[in-house]
Amino acid sequence: MAGEKDDIIAHLEELAHLTMLDEGNPQSFRVRAYENAVHGLAAHGDEIARMSKAQLVAIDGVGKSTADKIRELLDTGKIAKLEALRAKFPPSVVELSRLPGMGPKTLARLRVELDVESIADLRRAIAGKEIRALKGFGAKTEEKLAHAIERLGLTGKDRRAPIADALPIARRIVAALSELPQAERVQYCGSLRRFRETIGDIDIVVAATEPAPIMAAFVALPVVTEVLASGPTKTSVITHDGIQIDLRVVAPESFGAAVMYFTGSKAHNIKLRQRAIDRGWTLNEYALAHADSEEVIVSDTEEAIYAALDLAWIPPPMREDTGEVERAAEGTLPALPTLDGLRGDLHVHTTLSGDGRSPIEDIVAAAHERGYRYLAITDHGEDLAINGVSRAQLSAQKQELQALSERYPAMTLLHGCELNIGPDGGLDYDLDFRLGLDWCVAAVHSHFDLDPATQTKRIIKAMHDPAVHVIGHLSGRQIGRRPGIELDIDAVLEAAAETGTAIEINSALARLDASAEVLRRAHDLGVLFLIDTDAHHVSELDRMQWGVQQAARGWVPAERVLNTWTKKKFLSWVRARRAR
DNA sequence: GCCGTTTTCGGCCCGACTGTTTTCAGTCG
């Protein structure tokens with residue numbers, strides 16, 4: 001059953017947090033050990049719930065003690081040490097610990113000296129000006145905590161923004177800062193550059209010899225509502241929608257090291273720094289340098305630093321320490337798809353769909369401008385009540401598309417449809433009509449809350465339909481807004497491999513479906529993929545770049561992505577599917 | 001608590017900013 005791994009990880013994360021509070025030190029080695037164990041476990045699937053102690057200890061970062069705790073959880077449903085810590089740190093205290101600025105030391109002193117055990121207690125202490133009276137505390141600290149309570153829920157330590165919200169903000173800020181004459185280079189980094197689904201805060205690195213004007217322009221941006229901290233090299237602000245942005249300004253010669261450092265992930269960086277240490281060097285946000293003489297080896301570009309560490313350059317979406325450093329050392333990183341290497345878009349809507357906003361001739365012209373060699377028009381099937389298209393409308397569209405084919409002879413235009421997968425796996429129209437279409441995407445648009453067995457069955461049934469080429473947005477999720485359907489993902493992916501049905505990598509930032517985790521598993525099973533935009537407007541054809549990032553996060557090699565194939569090879573695959 | 005081709009003990013990434021301090025502790029990433 002899905003979720004056992006998540007349950008184990010949630011317990012270990014809680015253990016790490018409470019241990020941090022207990023030991024009063026965020027750098028506690030025990031806390032880091034728990035975090036490392038979580039990281040090691042995350043690379044595995046639910047099989048960890050069936051592992052023996054010896055098998056668990058073999059996992060990177062998991063030792064004897066943590067393995068015992070995992071077995072204890074699986075066998076008894078509890079971890080004694082965690083139960084003891086929960087008694088010591090009740091939920092109201094844990095809530096306090098989530099306030100920005102409330103570290104373990106501050107929390108412990110407030111509890112002991114002022115009996116603060118909850119947010120309500122803290123409010124009282126602040127109202128009574130009790131905190132500023134403590135030794136080592138002052139009015140500023142008291143005001144900061146008061147402010148943190150006000151913002152509770154808006155900017156807490158755990159709040160994460162969907163990438164669809166964070167990325168446009170980051171791009172606008174990068175564009176604004178790039179216009180400053182002092183800014184030589186500007187790059188967003190962090191989890192956004194690694195293309196995670198949700199973003200804790202936005203990290204931006206600027207190369208400039210003169211930081212002051214950059215900082216001044218940054219805090220003056222209209223999107224900024226509050227300045228949390230501002231020094232000569234680092235400024236942190238909050239935007240009006242509660243997203244924190246950290247700006248770092250570094251000397252131009254340090255830009256590569258800084259971008260690398262702030263892109264992370266933390267685990268990836270630690271592995272790189274270890275590699276540097278092994279060679280008698282140090283790696284920080286300024287340079288790769290000799291440890292003793294501090295003489296700089298390289299610092300200006302990421303590529304040069306990876307090369308100096310005997311590593312191939314690693315694409316940011318892969319930098320999660322899930323084996324990419326080892327593969328880069330061996331020179332066996334997968335050759336990922338590139339934006340330039342994509343030869344067609346196979347999931348695109350026109351105004352014929354109720355929700356489409358660009359006419360077919362504009363879409364075709366825009367695809368031609370991008371140099372595509374093939375394009376599939378895939379408006380919604382008739383079962384989608386509001387946006388669907390009748391047989392007569394589809395037939396008329398076919399004529400229109402044929403006329404357009406003559407205007408763009410170098411580009412093959414496929415007349416297709418985005419079919420709805422019904423709750424029982426049924427599809428729009430009838431089989432003969434479907435087979436009359438050149439190309440069929442099948443996707444879920446309704447009935448998101450069926451049980452996993454039914455969902456799995458409905459997807460697999462659609463995969464067996466002779467007309468279907470690809471399953472669109474596999475889970476139907478919208479990141480941060482709607483969870484996807486629950487599936488027995490291994491069964492679905494095995495069926496995809498068996499039937500030769502492609503799995504879509506949907507480039508819409510709100511979807512990015514299938515998820516990176518699913519893509520990686522799918523690849524291991526031999527599944528084929530397509531990177532599509534699901535565009536409803538010509539401007540959305542530009543989303544393809546995000547699908548490329550998502551493919552990288554899923555370690556999907558280019559040769560497995562159908563729309564990297566030449567027209568001849570791709571079209572013969574399209575036809576072969578119909579002949580099966 | 002974890003780990004090992006210098007090690008089974010003694011290390012474990014490290015710098016920026018703030019607030020309260022006269023040199024540093026706490027927090028954060």
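Residue numbers begin at 1 in each chain, while the letters A, B, ... track the order of the sequences. Any value given below was found using the heavy atoms of this structure, including those in side chains, with hydrogens, waters and symmetry copies removed.
The interatomic distance linking A/R98 (CZ) with B/dC28 (P) rounds to 11 Å, in whole Å. For the pair A/N269 CG and B/dC28 P, the interatomic distance rounds to 20 Å; values are reported in whole Å. The nearest whole Å value for the distance from the CG atom in A/L247 to the P atom in B/dG29 is 15 Å. Rounding to whole angstrom units, CG of residue A/L18 and P of B/dG1 are separated by 15 Å. Between the CG atom of A/D201 and the P atom of B/dG29 there is a distance of 6 Å, rounded to whole Å. Atom CD of A/E13 and atom C1' of B/dG1 are 17 Å apart (whole Å). In this entry the distance linking CG of A/D246 with P of B/dT27 reads 18 Å, nearest Å. A straight line from CG of A/N36 to P of B/dG11 spans 19 Å, rounded to a whole angstrom.
Residue contacts for A/Y34: at a heavy-atom cut-off of 4.0 Å it reaches the sugar-phosphate backbone alone, with no base atom in range. No engagement by A/K271 is indicated, since no non-hydrogen atom pair under 4.0 Å with the nucleic acid exists.
Not one N or O on the side chain of A/R193 forms a donor-acceptor pair closer than 3.5 Å with the backbone of A/P317. In this structure, the side chain of A/N284 engages the main chain of A/A287 through a donor-acceptor pair within 3.5 Å. No donor-acceptor distance shorter than 3.5 angstrom exists from the side chain of A/R520 to the backbone of A/S515, with no hydrogens or angles considered. Between the A/Q550 side chain and the A/L512 main chain, a donor and an acceptor come within less than 3.5 Å of each other.
Across the P atoms, B/dC13 and B/dC17 are found 22 Å apart, a figure rounded to whole Å. The separation of B/dG10 from B/dT6, taken at their C1' atoms, amounts to 13 Å, rounded to a whole angstrom.
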For this session: Let me have a per-nucleotide readout for nucleotides 17-26 of chain B, 5' to 3', with B, S or -, counting only protein heavy atoms under 4.0 Å.
Result: SSSS-----S
Can you name the atoms? Protein N/O to nucleotides 12-14 of chain B N/O, anything below 3.5 Å, with the distance.
from: B/dC12; atom 1: O3'; to: A/R32; atom 2: NH2; distance (Å): 3.2
from: B/dC13; atom 1: OP1; to: A/R32; atom 2: NH1; distance (Å): 2.7
from: B/dC13; atom 1: OP1; to: A/R32; atom 2: NH2; distance (Å): 2.2
from: B/dC13; atom 1: OP2; to: A/R32; atom 2: NH2; distance (Å): 3.2
from: B/dC13; atom 1: O4'; to: A/R273; atom 2: NE; distance (Å): 3.3
from: B/dC13; atom 1: O2; to: A/R273; atom 2: NE; distance (Å): 3.4
from: B/dC13; atom 1: O2; to: A/R273; atom 2: NH1; distance (Å): 3.3
from: B/dC13; atom 1: O2; to: A/R273; atom 2: NH2; distance (Å): 2.6
from: B/dC14; atom 1: N4; to: A/Q27; atom 2: NE2; distance (Å): 3.2

Interface polar pairs with nucleotides 3-10 of chain B, N/O, under 3.5 angstrom:
from: B/dC3; atom 1: OP1; to: A/G61; atom 2: N; distance (Å): 2.9

For this session: Show your working on side-chain hydrogen bond (donor to acceptor under 3.5 Å, both in side chains) between A/E226 and A/H147 and close with a plain yes or no.
Result: CA-CA 11 Å; A/E226 190 185 335; A/H147 195 51; 2.7 Å; yes
For this session: Show the numbers, then the answer: is there a side chain to side chain contact (heavy atoms under 4.5 Å, CB included) between A/E142 and A/K129?
Result: CA-CA 8 Å; A/E142 197 174 85; A/K129 299 196 187 315; 4.0 Å; yes
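Closest approach of A/T322 and A/E324 over heavy atoms only: N-OE1, 2.7 Å. Contact detail for A/K5 and A/I48: the closest heavy-atom pair is CG-CD1, 3.5 Å. Nearest heavy-atom pair across A/G476 and A/D513 is N-OD2, 2.8 Å.
A distance of 12.0 Å separates CD1 in A/I8 from CD in A/E13, rounded to the nearest 0.5 Å.
A donor and an acceptor atom, one from each side chain of A/T332 and A/R327, are located under 3.5 Å apart.
Annotated as syn: B/dT7, whose O4'-C1'-N torsion sits within 90° of 0.
Ring geometry for A/H290 versus A/W281: interplanar angle over 60°, hence perpendicular rather than tilted (30 to 60°).
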